[in-house]
Amino acid sequence: MTTLLKNGKWHNSKGELEKVDLLIQNGKIASISSNIEENGSEQVIELDGNLISAGFIDVHVHLREPGGEKKETIETGTKSAAKGGFTTICAMPNTRPTPDTKEQLEWLNKRIAETASVRVLPYACITTRQLGEEITDFTALKEAGAFAFTDDGVGVQDASKMLAAMKKAAAVNMAIVAHCEENTLINKGAVHEGKFSEKYGLNGIPSVCESVHIARDILLAEAAGCHYHVCHISTKESVRVVRDAKKAGIKVTAEVSPHHLLLSEEDIPGLDSNFKMNPPLRGKQDQEALIEGLLDGTIDFIATDHAPHTAEEKAEGMEKAPFGIVGLETAFPLLFTNFVETGKCTLKQLLEWLTIKPAEVFNLPFGRLEEGAPADLTIIDLQSKSAIDPGDFLSKGINTPFTGWECKGWPVQTIVDGKLVWQKGSVQV
């Protein structure tokens, strides 16, 4: 099938917005030019001057299936991703059962093939059932299609187990991706240990709970010769540790979530569990350090940590409600409006943090807007403004702290492998 996208705009090699047409053939970008003539045999999509980007990549999402279908499914989560402009997402393994065997991962990939709207690359567990004890069969899981290895949701507490896992990952040329928490320092916390926890008399999770685990793992990764990737970095100390490790030549990469860039504990309006996530919203200095780290390259890219929960669960209050917020449908407009429009970063930088940077870190063939690349494309209206309304979400989860925020930069069409999978005004293409 041949599709012609007419009258779009793209970032040219000079970093300027330029009028462009784009031709798709057999799921690939066949041509990019200022004018491509119609020949009458192709499907033509008029873009009306909207931006063409490579499809967004999110290496940190929770689809909940199997076991948590009340919160989200592969079907609803990937529809949410498509609406947010994401064409490739990587699903975390904290499901029930977990993808810790070849058979379970094969089942998961079959389910993805049957129900997903966008490309889903599943993680496999570092340890059986994420219990931190028995290391899984990395070779078999890689053969079954694992994207990388993680016990996301819990940190691997035993250093000897983590070192052994890193050596196994290095042997099969795969990454260890870590949720970093030292369990002895969690303190049964619901929020960051800081001004907010003190004001409301809540147990707080200290910054060192995260940073000490990152420091440990970086040294283990150096010893193992392993690619080590830090999930949802949130503290200034963590940024400093990663920056020092990169200067030392250790193969460590890191991601940051939009909510940690946009919010701090000072923005929490009260005991609203839609502001409860893990890692928690930290102090203002942490937020500033994350922005600085992203801009200077210490932090490699942005990932949403899309974590849907039911309204009933989130209604249990700040102490008892589960951690997590949704993010796939709001990530780009929030960041475009609050970072690009305010001059904190350029549009080129934002697009790279959502496309080519995660692709480079994990050696993926996606995230590139060039001839011959897979036709994974996101079309974005940079001009019209509208407020975030959870009632419009395609995700089952409506747990967001950004309700009512006025944003520009909304995706209007999403294309995966040359196929239109979502467009504004349509629930399903």
Does E319 use its side chain to pair, donor to acceptor, with the backbone of G317 at less than 3.5 Å? no

If we ignore hydrogens and angles and just use 3.5 Å, is the side chain of N109 paired with the main-chain N or O of A144 as donor and acceptor? yes

Establish, from distance only, whether the side-chain atoms of N278 and H232 form a donor-acceptor pair under 3.5 Å. no

Candidate pair K110 and E114, rule salt bridge (charged side-chain N to carboxylate O under 4.0 Å, His left out), full reasoning: CA-CA 6 Å; K110 182 175 183 290; E114 292 169 347; 2.6 Å; yes

Just do the side chain to side chain donor-acceptor pair (under 3.5 Å) check on T253 and H227 with the steps written out, would you? CA-CA 8 Å; T253 55; H227 173 201; 2.9 Å; yes

If you compare all heavy atoms of K70 against all heavy atoms of K396, which two are closest, and at what distance to 0.1 Å? O-CD, 3.8 Å

Can you find a side-chain donor-acceptor pair between R282 and T235 that sits under 3.5 Å? no

Any chance you could lay out the salt bridge (charged side-chain N to carboxylate O under 4.0 Å, His left out) test for E341 and K408, step after step, and finish with the verdict? CA-CA 9 Å; E341 291 278 274; K408 294 167 66 176; 3.1 Å; yes

In short, R111 meets E65 closest at the heavy-atom pair NE-OE2, 2.6 Å

Closest non-hydrogen atom pair between P279 and E210, with its separation: CG-OE1, 3.5 Å

Is it the case that atom NZ in K236 sees more than 12 heavy atoms from other parts of the structure closer than 6.0 Å? yes

Quick one, L364 and F147 - any side-chain contact, counting heavy atoms below 4.5 Å? yes

L22 side chain reached by I52 side chain, heavy atoms, under 4.5 Å: yes

Show your reasoning for whether side-chain contact (heavy atoms from CB on, under 4.5 Å) applies to E237 and V208. CA-CA 8 Å; E237 296 87 358; V208 72; over 6 Å; no

Quick check: does any side chain N or O of E406 sit under 3.5 Å from a backbone N or O of G404, one acting as donor and the other as acceptor? no

Taking atom CH2 of W353 and atom CD1 of I299, what is their separation to the nearest 0.5 Å? 9.5 Å

When you compare the side chain of I233 with that of L290, does any pair of heavy atoms fall below 4.5 Å? yes

Donor-acceptor under 3.5 Å (E75 side chain, A116 main chain): no

What heavy-atom pair brings A303 and H60 nearest, and what distance separates the two atoms? CB-CB, 3.8 Å

Classify the side-chain pair W422/Q413 by whether it contains a donor and acceptor separated by less than 3.5 Å. no

Heavy atoms of I24 and G418 approach each other most closely as CG2-CA, 3.7 Å

Please check if the side chain of S257 supplies one atom and the backbone of H260 the other of a donor-acceptor pair under 3.5 Å. no

Heavy-atom count around K102 NZ within 6.0 Å, excluding the residue itself: above 12? no

If we count only N and O atoms by modelled type, under 3.5 Å, do the side chains of E133 and T127 hold a donor and an acceptor together? no

Indicate whether the side chain of S395 and that of E72 have a donor and an acceptor atom separated by less than 3.5 Å. yes

Do the non-hydrogen side-chain atoms of H179 and H213 ever get within less than 4.5 Å of each other? no

Any idea which heavy atoms bring A146 and L105 closest together, and the distance? N-CD2, 3.5 Å

Going from CZ on R129 to CG on N94, what distance comes out if it is rounded to the nearest 0.5 angstrom? 14.5 Å

T403 side chain to T400 side chain, donor-acceptor N/O pair below 3.5 angstrom: no

With sequence neighbours left out, which residue pairs that include part of residues 242-255 fulfil the salt bridge (charged side-chain N to carboxylate O under 4.0 Å, His left out) condition? R243-D296, K246-D300

I'd like to check I176 versus I126 (side-chain heavy atoms, cut-off strictly below 4.5 Å). Are they in contact? yes

Count the heavy atoms of every other residue, nucleotide or ligand shown that sit under 6.0 Å from CD of E18, and state whether that count exceeds 12. yes

For D305 and H259, test the side chains for any donor-to-acceptor distance below 3.5 angstrom and give the result as yes or no. no

Over 12 foreign heavy atoms within 6.0 Å of CD, E16: yes

Could you pull out all donor-acceptor pairs under 3.5 Å where a side-chain atom in residues 81-93 meets a protein atom, sequence neighbours excluded?
unit_1, atom_1, unit_2, atom_2, d
K83, NZ, D392, O, 2.6
T87, OG1, F56, O, 3.4
T88, OG1, R119, NH1, 2.7

So does T355 get a backbone contact from the side chain of R368, meaning a donor-acceptor N/O pair under 3.5 Å? no

Mark yes or no for whether T337, through its side chain, and P333, through its backbone, hold a donor-acceptor pair below 3.5 Å. yes

Partner of V156 under side chain to side chain contact (heavy atoms under 4.5 Å, CB included), chosen from D151, I135, L131: D151

Could you tell me if T101 and Q104 have a donor-acceptor pair between their side chains, going purely by distance under 3.5 Å? no

Considering only heavy atoms from C-beta outward, does the side chain of T330 approach that of C407 to under 4.5 Å? no

Go through the steps to decide whether D217 and M166 satisfy the test side-chain contact (heavy atoms from CB on, under 4.5 Å), and finish with yes or no. CA-CA 9 Å; D217 284 355; M166 287 180 171; 4.1 Å; yes

Sub-3.5 Å donor-acceptor pair from the side chain of T128 to the main-chain atoms of T136, do we have one? no

Ignoring hydrogens and angles, state whether a donor on the side chain of D58 or T304 is under 3.5 Å from an acceptor on the partner side chain. yes

pair C345-L295: side-chain heavy atoms closer than 4.5 Å: yes

Could you walk me through whether H62 and D152 satisfy the side chain to side chain donor-acceptor pair (under 3.5 Å) test, starting with their C-alpha distance in whole Å, then the side-chain angles of each, then the deciding distance to 0.1 Å, before giving a yes or no? CA-CA 10 Å; H62 298 270; D152 183 62; 3.3 Å; yes

Heavy-atom check, side chain of F366 versus side chain of D417, under 4.5 Å: no

Measure centre to centre between the rings of F149 and Y123, then say whether the value is under 6.0 Å. no

Between CG on residue N399 and NE2 on residue H309, distance to nearest 0.5 Å: 6.0 Å

Quick one about T98 and D100 (side-chain donor to acceptor, distance below 3.5 Å, no hydrogens or angles considered), yes or no? yes

Dump the intermediate steps for salt bridge (charged side-chain N to carboxylate O under 4.0 Å, His left out) on E313 and K71, then the final yes or no. CA-CA 10 Å; E313 288 172 316; K71 303 169 187 276; 2.7 Å; yes

Taking the six-membered ring for Trp, are H229 and F362 closer than 6.0 Å centroid to centroid? yes

Keeping the roles fixed (side chain from E371, backbone from I32), state whether a donor-acceptor pair exists under 3.5 Å. yes

Taking the side chain from N187 and the backbone from N203, do they hold a donor-acceptor pair closer than 3.5 Å? no

H306 vs E329, side-chain contact (heavy atoms from CB on, under 4.5 Å): CA-CA, chis, key distance, verdict: CA-CA 9 Å; H306 175 81; E329 296 174 50; 5.7 Å; no

Apply side-chain contact (heavy atoms from CB on, under 4.5 Å) to the pair F332 and L350, showing each step before the final yes or no. CA-CA 8 Å; F332 186 85; L350 177 57; 3.6 Å; yes

